**Q** 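Pasting a structure below so you can have a look.
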Amino acid sequence: MKTRMLSLAGLLLAGPALADPDDDTLVINGEIEIVTKAPAPAHLEDVFDTIISGWHYRNDETQAIEADDFENPGMLGVEAARDDWFEVAGTGEESCASCHGEPEEMAGVRPVYPKWNEDAGEVRTLAMQVNDCRTSRMGAEPWKYAGDEMTDMVALISSVSRGMPVDVAIDGPAQSTWEAGRDIYYTRYGRLELACANCHEDNNGSMIRADHLSQGQINGFPTYRLKNAKLNAVQSRFKGCIRDTMAETFEPGSPELVALELYVASRGNGLSVEGPSVRN
Amino acid sequence: MKRILTGIVLSLVLGGVAPAAEIVPPADVPFDEYGSVETSLSGTPGDPENGRALMNKGAGNCVACHRVSELEELGFLGTIGPVLDGAADRWTEADLRGIVADAKRIFPETMMPSFYKTGGYVRPGDGFTGEAAEGELAPLLTAQEVEDLVAYLMTLHES
């Protein structure tokens with residue numbers, strides 16, 4: 001019994017070693033104020049007091065890159081998508097602009113996705129919606145779900161909503177999908193038997209080897225990662241985190257990852273849209 | 001010298017010359033009701049030096065979550081689990097064997113992986129490829145690796 005008591009003391013001593021997120025503030029281009037800390041949404045109140053953007057867990061240099069569009073390499077993807085936006089494609093010989101006007105018309109769209117689509121009877125991510133416009137409205141080929149063109153387009157659509165609060169609906173017809181996503185979030189996958197919650201809920205602020213664990217929020221997606229020097233789709237990130245538990249992953253676009261995206265987005269309700277963000 | 005001897009014993013065992021090694025298969029580990037394991041899993045004494053190397057290697061990767069002052073030179077040690085300094089003062093060898101083999105018995109729900117088991121997983125993968133695992137799974141650590149780690153942990157005394 002003595003050993004057991006002592007070991008508890010050891011656990012307590014490990015506490016102060018935590019490296020907490022910092023208190024900097026993020027203003028992009030000196031004008032777009034980003035809410036990077038917010039009160040936890042009601043469904044998460046038992047877990048967190050405050051929800052925190054992954055931006056706070058990165059070092060000052062990485063943080064600074066995101067504060068200036070001329071420095072943020074993710075903006076190159078946004079520019080590429082702007083070209084695609086105006087490019088005529090498909091049998092209908094139309095571009096996104098033919099129906100939607102300027103990309104800026106998409107302001108307010110990113111914060112509410114993934115979102116229930118009544119006609120289709122499904123929860124749609126932005127990528128699913130863009131591909132639906134390409135295939136059923138333009139008569140064009142779908143883009144690869146988490147490929148470069150799609151990820152750039154999602155970055156463009158996100159960029160015009162920067163500063164707006166994430167606000168995905170989790171009730172009504174979206175509820176069962178949301179619950180499926182929550183189940184996945186708490187499932188301990190793979191041979192290491194780790195759930196998203198083990199790392200991002202119970203241990204955010206801790207170091208897992210050299211990595212500073214964040215809450216795993218997705219308000220900043222797509223993210224430009226210095227590590228692979230490209231824009232990363234949110235579901236590619238999910239896939240990577242699941243792979244790292246020595247598990248068989250799910251593919252981007254699968255019902256599982258769509259449900260997970262809705263659930264994780266809802267954990268960030270109240271944070272500003274920040275994508276394309278910069279991470280390491 | 002000790003290492004060389006261990007090496008010889010091991011190779012004899014592997015070569016099938018020695019009498020059948022008393023390797024305890026993962027399914028038969030005699031955990032007591034508390035989660036400790038009195039008897040060696042391999043029948044061969046653990047090698048603390050190899051255990052030390054395993055702290056920062058392969059599937060063990062203990063330093064992803066644990067700090068040990070004596071291993072600070074490795075840099076960027078994790079802070080998820082307790083600092084392991086003094087583990088040998090806090091725990092018996094049997095406790096440590098139980099913790100390394102399957103920590104969830106002593107610490108229910110712990111985040112620490114179970115290193116000496118082969119089943120009960122959700123979507124087990126083929127290493128870190130993201131593909132499904134095929135065929136029978138080996139435990140994350142062999143019986144001897146568990147013993148080597150236990151031998152290393154038994155060297156961690158406070159001061």
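Proteins get letters first, then strands, A, B, ... in listed order; numbering begins at 1 in each. Only a predicted model underlies this, so the values are computations on that prediction, with no experimental measurement involved. Atoms considered below: every heavy atom in the structure, side chains included; atoms not considered: hydrogens, waters and symmetry mates.
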**Q** Please check: side-chain N/O of A:Arg188 versus main-chain N/O of B:Tyr121, any donor-acceptor pairing under 3.5 Å?
**A**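 Answer holds: no.
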**Q** Name the region of A:Asn203, side chain, backbone, both or neither, that has any atom closer than 4.5 Å to a heavy atom of chain B.
**A**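 Only the side chain of A:Asn203 comes within 4.5 Å of chain B.
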**Q** Please state whether the side chain, the backbone, both or neither of B:Leu140 comes within less than 4.5 Å of a heavy atom of chain A.
**A**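 For B:Leu140, the side chain is the part near chain A, not the backbone.
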**Q** Below 4.0 angstrom, N of the basic side chain to O of the carboxylate: do B:Lys57 and B:Glu145 qualify?
**A**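 No salt bridge links B:Lys57 with B:Glu145.
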**Q** Assess whether a salt bridge exists between B:Arg97 and B:Glu38, defined as any Lys/Arg side-chain N lying under 4.0 Å from an Asp/Glu carboxylate O.
**A**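 Here B:Arg97 does not pair with B:Glu38 in a salt bridge, since their nearest N and O are not under 4.0 Å apart.
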**Q** Start with the C-alpha distance between B:Arg90 and B:Asp95, add both sets of side-chain angles, then the distance that settles salt bridge (charged side-chain N to carboxylate O under 4.0 Å, His left out), and finish with yes or no.
**A** CA-CA 9 Å; B:Arg90 288 192 290 276; B:Asp95 293 340; over 6 Å; no
**Q** Can B:Gln144 and B:Asn50 be counted as having a side-chain donor-acceptor contact under 3.5 angstrom?
**A**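 Side chains of B:Gln144 and B:Asn50: no pair found under 3.5 Å.
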**Q** I'd like to verify something: which residue of B:Glu131, B:His66, B:Met112 has the highest number of heavy-atom pairs under 4.5 Å with chain A?
**A**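 When all of B:Glu131, B:His66, B:Met112 are compared, B:Glu131 has the most.
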**Q** When only pairs under 4.5 Å are counted, which of B:Ala133, B:Gly78, B:Gly130 shares the most heavy-atom pairs with chain A?
**A**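 The residue among B:Ala133, B:Gly78, B:Gly130 with the greatest pair count is B:Gly130.
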**Q** Which heavy atom of A:Pro114 sits nearest a heavy atom of A:Val123, and at what distance?
**A**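 It is CB-CG1, 3.8 Å.
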**Q** Which residue, A:Glu201, A:His200, A:His43, forms the side chain to side chain donor-acceptor pair (under 3.5 Å) with A:Arg267?
**A**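 Running side chain to side chain donor-acceptor pair (under 3.5 Å) over A:Glu201, A:His200, A:His43 with A:Arg267 returns exactly one hit, A:Glu201.
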**Q** Suppose a student defines contact as a heavy atom less than 4.5 Å from any heavy atom of chain B. Which residues in residues 217-229 of chain A would they list?
**A**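 No residue falls under the 4.5 Å cut-off.
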**Q** Indicate yes or no for a side-chain donor-acceptor contact from A:Arg191 to the backbone of B:Gly119 under 3.5 Å, with no hydrogens or angles considered.
**A**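 No; zero donor-acceptor contacts below 3.5 Å.
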**Q** For chain B, which residues from residues 231-248 of chain A have at least one heavy atom closer than 4.5 Å to it?
**A**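 Counting heavy atoms that sit under 4.5 Å from chain B, the residues of residues 231-248 of chain A involved are A:Arg243, A:Asp244, A:Met246, A:Ala247, A:Glu248.
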**Q** Can you tell me which of B:Leu84, B:Thr110, B:Asp85 forms the most heavy-atom pairs within a distance under 4.5 Å of chain A?
**A**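 Highest number of pairs under 4.5 Å: B:Thr110.
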**Q** Is the side chain of A:Thr151 donor-acceptor paired with the backbone N or O of A:Asp148 at a distance under 3.5 Å, no angle test?
**A**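 Answer holds: no.
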**Q** Please confirm whether the backbone N or O of A:Met128 pairs with a side-chain atom of A:Asn131, one donor and one acceptor, at under 3.5 Å?
**A**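 No, the answer is negative, given that no donor and acceptor are paired below the 3.5 Å cut-off.
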**Q** Taking A:Gln215 for the side chain and A:Ile52 for the main chain, is one N or O donor matched with an acceptor at less than 3.5 Å?
**A**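 Such a contact is found between A:Gln215 side chain and A:Ile52 backbone.
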**Q** Minimum heavy-atom separation for A:Val278 and A:Asn72, please, with both atom names.
**A**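 Result for this residue pair: CG2-OD1, 3.4 Å.
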**Q** Which atoms form the tightest heavy-atom contact between A:Glu193 and A:Asn198, and what is the distance?
**A**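 In this case the closest contact between A:Glu193 and A:Asn198 is O-OD1, 4.2 Å.
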**Q** Would you mind checking which part of A:Ile208 comes under 4.5 Å of any heavy atom in chain B, side chain (CB onward), backbone (N, CA, C, O), both or neither?
**A**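 Both backbone and side chain.
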**Q** Using non-hydrogen atoms and a 4.5 Å limit, figure out which bit of B:Thr129 sits close to chain A: side chain, backbone, both or neither.
**A**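 Contact with chain A is through the backbone of B:Thr129 alone.
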